[in-house]
Amino acid sequence: MATESPAKPKPVDLVLSGGGVKGVGLVGAVVALMDAGYSVKRVSGVSAGSLVGSILAAASNGDQLTTRRSRKWR
């Protein structure tokens with residue numbers, strides 16, 4: 001029986017906008033992209049997007065991203 005190799009992550013470059021409190025929603029969007037099989041290659045952002053981008057850069061996966069977000073924005 002042949003085994004299927006895991007799908008190779010699709011690399012994307014993210015540009016995250018600002019928007020104050022709406023920036024928190026960017027975390028969910030980034031996690032959804034990761035869950036859909038995308039890997040973030042580069043990220044840039046402005047205002048709230050730069051905060052989310054910096055947290056993303058420090059995280060190695062979506063679980064760490066949401067954990068870091070919870071700690072930073074309490």
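Values reported hereafter were calculated over all heavy atoms of this structure, with side chains retained and with hydrogens, waters and symmetry mates removed.
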Rounded to the nearest 0.5 Å, how far does CG of L33 lie from NZ of K10?
9.5 Å
Is there a path from I55 to V46 through hydrophobic residues (I, L, V, M, F, W, Y) whose side chains come within less than 4.5 Å of each other?
no
Nearest 0.5 Å please: distance from the OG atom of S47 over to the NZ atom of K22.
12.0 Å
Please list every donor-acceptor pair under 3.5 Å in which a side-chain atom of residues 24-31 meets a protein atom from a residue at least two apart or in another chain.
none

Joint cluster assignment, V12 & V15, ILVMFWY side-chain distance < 4.5 Å
no
Show the nearest heavy-atom pair for residues G19 and A48, with the distance to one decimal.
N-CB, 4.4 Å
Looking at residues at least two apart in the chain, or sitting in another chain, which of them share a side-chain contact (heavy atoms from CB on, under 4.5 Å) with S17?
none
Starting at OG of S44, measure out to CG of L16 and round the result to the nearest 0.5 Å.
7.0 Å
Do any pairs count as a salt bridge (charged side-chain N to carboxylate O under 4.0 Å, His left out) and have a residue in residues 37-55, sequence neighbours left out, and if so which ones?
D13-R42
